[in-house]
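Start at 1 and go down the list; that is how both ligands and their atoms are numbered. Quick note: residue numbers are just sequence positions, from 1.
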Amino acid sequence: MQESRELWNNKIGFIMAAAGSAIGLGNIWRFPYMTGQNGGAAFVLTYVIFVVLIGFAAMLAELSLGRRTNKNALGAFTAVVPGTKWRYVGGLGIFTGIAILSFYSVIAGWTVGYMFKTIGGVFSHIPNAQYLADVFTGFSANPVSAILLHGLFIFLTVFVVMGGVSKGIERWSRILMPLLFAILLLLVIRALTLGAGVKEGLAFYLKPDFSQINAGTILMALGQALFSLSLGMGTMITYGSYISKSDNLVSSAASVAFFDTLIALMAGLAIFPALFANGLNPAGGAGLVFMVFPMIFEKIPGGMIFGAGFFILLSIAALTSTISLLEVPVSYLIDERKWSRKIAAIAAGVLAFILGIPSAISQGASDFFSNLPLIHISFLDFMNIAFGNYALTIGSFFIALFVGWKWGIKNAVKEVEDGNPVFGYRKMWSFTLRFLAPICILITMIYLAWTGNFF
Ligand code: PFF
């Protein structure tokens, strides 16, 4: 049975939902961890440049294609050019959605776990930094809680997605994002006033050392920009299909990109001073923020309440992102395969759950998945880089080419001009989609393949 396509209630509803998709663990967990591993400020600068130069253009491309075709991530391609290989770009996006969801919900599960730990008083007295490392290792290496929390998160996601677009997603996004912002601001202020180490942390985070930049870090920064803005797999095509013709795509995309980047930069501004103040290693990996945030809470009066609140809101921010990840395969199954929303959500959710189990046991519970042969990283890191970085980069490469050349920049511009007749960014947009983004991506990919250093 096919269900009719819903629209967002209004423009602000769409912006909140798209911002809800963009703002999540990518900003608060992944961005600091990638920055720490890829040389600090030089990475941050590259990331911001990519958001402005490529991310914004790519977001507008996805939104306009989605709104024009009124279709899902795969159907949008076949609507423009039926029966061509372009549909594989959509297919890649749909699979990427399930793959990212599979490990993302493991991390989201940790967030829920940390909320309980904070309430339970685990962090009310922190003797030293080693204590936090031990708590994290013990927790993430426990296969039972990791799988259960991962399952719980997938369940919540499926539950919301089953409820449909505007009712489910909008309601959640609208109230809670501003609250997350407020707590984050508090954390930044506290972190900046911690005393010793703050200067060093700020230097690492804000003073670029360009010797740290190479093809690998450039691709990581691009991948981070795309991941954070939910681009490269058709999320914004799908969300764009629910926007009304009278909305201004340019200003919507700009506000989403702005707030998303602001939140990431704030998260870094809280993490790095606190990290250096406590003598931790910035390249600490996936557990980084789980070790650093509790340290800041402990230094705030009533910190346990803020801490628990923070982890609850972070879980909800993650939920508004996992909803958008699941929505990609679900809207494909509804549109193209005529499944009911309910069955589609359950089926895609079960698949993501199963695919996420190796990630859930890859932090010490299983020797094999914790240290994969040949590449010597955990399964979770592998999924994060392979899908969170490379698949989104390849997807964006083809989406840019598709909108720039195949669908055609003229048609795309026409679509954007609905709701925004004065489209000053037109020329730059065309240049970015047709040349700048594809060439940038191609050159760094070739260079990376040359050096063979993919992970
Ligand atoms: N942008 C989300 C985040 O930063 O947490 C993650 C994400 C959602 C990535 C949707 C990709 C996507 F299509």
(message) Within the 3.5 Å criterion, strictly below it, is a donor on S230 or S21 matched to an acceptor on the partner's side chain?
(response) yes
(request) If the plane angle is over 60° it's perpendicular, under 30° parallel, otherwise tilted; pick one for W405 and F435. (result) perpendicular
(request) Determine whether L442 and I446 make a side-chain contact, defined as any pair of heavy atoms from C-beta on separated by less than 4.5 Å. (result) yes
Which protein N or O atoms sit under 3.5 Å from any N or O of ligand 1? Give atom names and distances.
{"unit_1": "ligand 1", "atom_1": "1 (N)", "unit_2": "S21", "atom_2": "O", "d": "3.2"}
{"unit_1": "ligand 1", "atom_1": "1 (N)", "unit_2": "A22", "atom_2": "O", "d": "3.0"}
{"unit_1": "ligand 1", "atom_1": "1 (N)", "unit_2": "F227", "atom_2": "O", "d": "2.8"}
{"unit_1": "ligand 1", "atom_1": "1 (N)", "unit_2": "S228", "atom_2": "O", "d": "3.1"}
{"unit_1": "ligand 1", "atom_1": "1 (N)", "unit_2": "S230", "atom_2": "OG", "d": "3.0"}
{"unit_1": "ligand 1", "atom_1": "4 (O)", "unit_2": "A22", "atom_2": "O", "d": "2.9"}
{"unit_1": "ligand 1", "atom_1": "4 (O)", "unit_2": "G26", "atom_2": "N", "d": "3.4"}
{"unit_1": "ligand 1", "atom_1": "4 (O)", "unit_2": "N27", "atom_2": "OD1", "d": "3.4"}
{"unit_1": "ligand 1", "atom_1": "5 (O)", "unit_2": "L25", "atom_2": "N", "d": "3.2"}
{"unit_1": "ligand 1", "atom_1": "5 (O)", "unit_2": "G26", "atom_2": "N", "d": "2.8"}
{"unit_1": "ligand 1", "atom_1": "5 (O)", "unit_2": "Y104", "atom_2": "OH", "d": "2.5"}

(message) Are F77 and F402, when compared by the centres of their aromatic rings, separated by less than 6.0 Å?
(response) yes
(request) Please name all residues satisfying side-chain contact (heavy atoms from CB on, under 4.5 Å) with L186, sequence neighbours left out, ordered by chain then number. (result) I300, F306
(message) Using the rule given for side chain to side chain contact (heavy atoms under 4.5 Å, CB included), can you reason through F50 versus Q224, listing the C-alpha separation, both sets of side-chain angles and the distance that settles it, and then say yes or no?
(response) CA-CA 9 Å; F50 278 137; Q224 177 60 29; over 6 Å; no
